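Labels below follow one simple rule: chain letters A, B, ... track the order of the sequence lines, proteins then strands, and each chain is numbered from 1. All values derive from a computational prediction rather than experimental measurement. These values consider heavy atoms only, across backbone and side chains, with no hydrogens, waters or symmetry-generated copies.
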Amino acid sequence: MIKARRWGLLVVALLGMFALNARAELTIEISKGVDNPTPIAIVPFAWAGPGPLPEDLAGIVDADLYRCGQFRPVSRNSMLSRPSEQSQVFYRDWRAIGADFLVVGKVTQVPGPKPYQLQFELFDVVKQQRMTIDRAAGDVSQMRDIAHYVSDVVYEKITGVRGAFSTKILYVAAQKRGRGEFNYRLYRADADGAREKLILESSEPLMSPAWSPDAQQIAYVSFENRRPGIYRQHLATGRREKLTGFPGINSSPAWSPDGQRMAMTLSKDGNPEIYVMDLRTRALTAVAPNRAIDTEPQWMPDGKSIVFTSDRGGKPQIYQVTLANGWVERLTFDGDYNARARLTADGKALVMVHREYGDFHIAMLDLIRGKTQILTSTSLDESPSIAPNASMVMYATQRGGQGILAAVSIDGRVKYFLPSKERAVREPSWSPFLTP
Amino acid sequence: MCKEKTSKLLSIVFAAAFLAACGSSDDEGASGATSDTSASSAPVEQTSTAPAAALEYVFYFDFDQATVREDSRAALDAQAARLRGTSSKVRLEGHADERGTREYNLALGERRAKAIANYLSVQGVEAGNVEVVSYGEEKPVAEGHDEDSYAKNRRVELKDL
């Protein structure tokens with residue numbers, strides 16, 4: 001079913017990624033792609049030296065576009081020419097090998113703090129015209145950012161959807177050190193798993209990492225005092241602050257869309273309830289308190305209502321509460337367990353953990369039509385997180401007895417795994433767009 | 001010592017008397033034993049009919065349940081007896097198996113720990129001496145994805161402080 005050339009591409013892509021991401025802990029495997037991915041040629045960018053470029057920029061763009069499943073990068077071996085600017089482009093060379101789109105570029109060294117400057121161009125091979133010319137510059141530590149910028153531009157120009165290749169992920173890793181005892185680590189990495197950076201390490205559990213809307217801060221749950229507390233941390237400075245330490249459960253932090261409030265789960269008043277904290281005044285407001293377990297709050301994009309999990313009907317289901325009047329409405333009616341909703345940016349759909357016939361899957365609920373679609377074929381799936389352009393959902397699952405991260409396109413057609421080489425990895429949280 | 005005929009007759013008489021006496025003394029011994037037995041079985045004071053349970057510190061739960069199991073009651077009673085009327089402080093740590101979401105499992109673990117806390121409280125343990133914490137599914141003792149492992153993880157652990 002898969003053509004030999006595509007297998008060759010896969011091997012090249014994986015080997016390339018191993019070479020590039022020698023220090024990364026996550027690697028990408030494609031397990032299923034779309035039926036007719038768009039063929040695109042990314043010509044290795046010209047570079048006059050000295051020495052080789054610190055990163056294979058065109059190779060990173062190849063991997064980005066291949067990973068999202070909608071593109072099929074053309075093999076370098078089949079390229080008949082290696083243009084680096086428009087004057088060198090002969091469209092027949094690219095029609096001949098079946099490419100629909102072409103990307104060329106050249107890197108020059110310029111004086112100053114951003115010595116690597118890339119100029120790149122995107123061409124529509126079929127229409128024989130240039131679609132865009134753009135530039136990006138940076139120092140040696142920003143080479144991957146330059147490549148992801150190219151991927152974002154190419155993706156948006158061709159699909160009309162903003163690319164999410166420059167985004168980040170948070171996740172938790174756990175390493176067993178004794179019976180029922182683990183070392184827990186909170187990491188941040190690029191969306192492709194590269195440049196993994198340790199944020200926090202603890203001998204007590206770390207859970208529920210969450211991004212602030214401006215991506216400058218994160219919140220998480222830490223049991224570092226042998227009881228759970230909600231903390232927030234400024235990423236650039238590492239400065240952290242404990243927000244709650246009430247008796248009982250302190251968990252599920254969720255920043256409001258305007259970044260001014262945080263929803264959370266507290267059981268200090270007898271049983272787990274949703275609360276909203278004003279981050280400036282620290283005032284707490286209980287939302288729709290009752291005798292059931294209410295948890296996992298998430299904000300609707302207008303900031304006026306909260307979606308949450310509740311077992312008030314017997315088993316966990318997803319509900320929505322309007323903050324102004326406390327009106328609660330049930331959202332999920334399929335399956336016997338629905339929990340941990342994550343909303344798309346436009347609030348028209350959510351992904352959730354869904355159980356039907358015994359297995360836990362990730363499913364999408366279309367809030368307008370009320371229809372549930374199961375997205376994953378793996379079982380024991382949990383912690384879905386949506387890319388900010390809503391194109392993909394990352395989640396945690398088990399493979400070979402090990403906890404790993406996986407991703408699926410929002411329509412369920414494209415899937416890939418991010419297996420960890422060392423640790424049980426879980427609870428991915430996809431960042432917002434890093435720039436407005 | 002006496003004449004042979006008379007001594008034989010006397011021996012028989014003495015033997016018969018001895019045997020008769022032995023026979024009756026046996027009865028006395030038997031009745032004596034009986035009275036001894038009944039004396040030792042008479043209760044000195046009222047005690048519970050079951051022997052004291054060995055101290056257990058882990059209590060298990062059924063799937064999706066937070067109710068104290070019947071087979072945990074004796075062990076919990078023993079803990080209550082140990083803690084009741086003392087100033088000893090304990091911590092109840094609630095856990096869940098890995099199925100379902102992590103945050104909901106935190107709540108489930110807390111429900112289980114609170115169920116144990118309530119039971120101890122009804123048995124007279126001072127509520128202020130009992131702390132309740134839930135770890136949800138974050139600290140499994142068994143890492144398999146099978147029913148056996150799940151059953152081991154659905155637990156509340158009692159820890160002396």
Side-chain angles (χ1 to χ4, degrees), chain A residues 172 174 176 178-182 184 204-208 221 223 226-228 247-252 264-265 267 270-273 292-297 308-311 314-316 337-341 352-353 355 358-360 379-384 396 398 401-403 424 426-427, chain B residues 57-58 60 63-66 89-115 117-118 127-150 152-161:
Chain A
V172 175
K176 186 172 173 177
R179 188 170 185 274
E181 299 293 327
F182 297 81
Y184 304 85
E204 292 290 328
L206 295 169
M207 289 174 69
S208 304
V221 176
F223 283 68
R226 302 192 70 226
R227 281 205 224 144
I249 290 172
N250 296 258
S251 75
S252 279
M264 58 186 62
T265 301
S267 69
N271 72 311
E273 307 284 5
I293 290 173
D294 292 344
T295 185
E296 299 168 338
F308 65 101
T309 306
S310 177
D311 66 4
K315 286 257 179 238
Y337 187 123
N338 288 289
R340 206 189 175 281
M352 60 192 175
V353 174
R355 184 178 68 191
D359 281 337
F360 287 97
S379 55
L380 281 178
D381 301 333
E382 58 177 30
S383 306
Q398 297 284 333
Q402 182 101 350
R426 68 268 198 125
E427 297 214 78
Chain B
Y57 287 80
V58 186
Y60 296 95
F63 177 54
D64 256 358
Q65 294 299 315
K89 292 196 187 301
V90 295
R91 198 168 122 113
L92 294 172
E93 298 180 349
H95 301 265
D97 69 47
E98 67 175 350
R99 292 172 291 186
T101 66
R102 289 182 182 269
E103 293 282 352
Y104 185 79
N105 282 335
L106 268 189
L108 197 52
E110 184 181 75
R111 250 191 200 157
R112 287 174 176 150
K114 281 188 165 171
N118 286 340
N129 291 345
V130 177
E131 183 189 344
V132 165
V133 170
S134 172
Y135 285 105
E137 63 176 273
E138 305 305 302
K139 288 194 161 191
V141 290
E143 286 155 278
H145 309 293
D146 50 84
E147 287 301 331
D148 201 52
S149 298
Y150 294 157
K152 289 182 178 131
N153 291 326
R154 289 191 301 269
R155 71 199 191 278
V156 171
E157 295 189 17
L158 188 152
K159 299 205 166 152
D160 291 323
L161 291 177

Undergrad: Provide the closest heavy-atom pair for A/Y337 versus B/G100 in the form atom of the first, atom of the second, distance.
TA: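 That closest heavy-atom pairing would be OH-CA, 3.2 Å.
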
Undergrad: Between B/N153 and chain A, with a heavy-atom cut-off of 4.5 Å, which part of the residue counts as in contact: side chain, backbone, both or neither?
TA: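 Contact with chain A: none, neither part.
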
Undergrad: If I take atom OH from residue B/Y104 and atom OG from residue A/S310, how far apart are they, to the nearest 0.5 angstrom?
TA: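 The distance works out to 8.5 Å.
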
Undergrad: With a 4.0 Å cut-off, would you call B/E98 and A/R426 a salt bridge?
TA: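 Looking at A/R426 together with B/E98, the answer is no, because their closest N to O distance does not fall below 4.0 Å.
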
Undergrad: Sort out for me which of B/E157, B/H145, B/R102 touches chain A most, counting heavy-atom pairs under 4.5 Å.
TA: B/R102

Undergrad: Output yes when a side-chain donor or acceptor of B/K114 lies under 3.5 Å from a complementary backbone atom of A/G270, and no otherwise.
TA: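 Yes, the answer is positive, given that a donor and an acceptor are paired below the 3.5 Å cut-off.
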
Undergrad: Kindly indicate whether the side chain of B/E93, heavy atoms from C-beta on, has any atom under 4.5 Å from the side chain of A/R226.
TA: yes

Undergrad: Do B/K139 and A/R179 have side chains that get closer than 4.5 Å, going by heavy atoms?
TA: no

Undergrad: Checking heavy atoms, do the side chain of A/L380, its backbone, both or neither come under 4.5 Å from chain B?
TA: side chain

Undergrad: Any side-chain to backbone donor/acceptor pair from B/E103 onto A/E296? Under 3.5 Å, distance only.
TA: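 No; zero donor-acceptor contacts below 3.5 Å.
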
Undergrad: So A/N271 and B/E110, do their side chains get closer than 4.5 Å, heavy atoms only?
TA: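 Of all side-chain heavy-atom pairs linking A/N271 with B/E110, none is under 4.5 Å.
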
Undergrad: Determine, step by step, whether A/E382 and B/T101 satisfy the side-chain contact (heavy atoms from CB on, under 4.5 Å) criterion, reporting the C-alpha distance in whole Å, the side-chain angles of both residues, the deciding distance to 0.1 Å, and the verdict.
TA: CA-CA 6 Å; A/E382 58 177 30; B/T101 66; 5.5 Å; no

Undergrad: Kindly give the heavy-atom pair with the smallest separation between B/Y135 and A/P205, and that separation in Å.
TA: CD2-CG, 3.9 Å

Undergrad: Can you tell which part of B/E138 gets under 4.5 Å to a heavy atom of chain A, answering side chain, backbone, both or neither?
TA: both

Undergrad: Taking atom CZ of A/F223 and atom CG of B/L106, what is their separation to the nearest 0.5 Å?
TA: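 Here the interatomic distance stands at 5.0 Å.
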
Undergrad: So does A/R355 have more than 12 non-hydrogen atoms from other groups sitting under 6.0 Å from CZ?
TA: yes

Undergrad: What part of A/T295 gets closer than 4.5 Å to chain B, counting heavy atoms only: side chain, backbone, both or neither?
TA: side chain

Undergrad: Are the charged groups of B/R111 and A/D311 less than 4.0 angstrom apart, N to O?
TA: yes

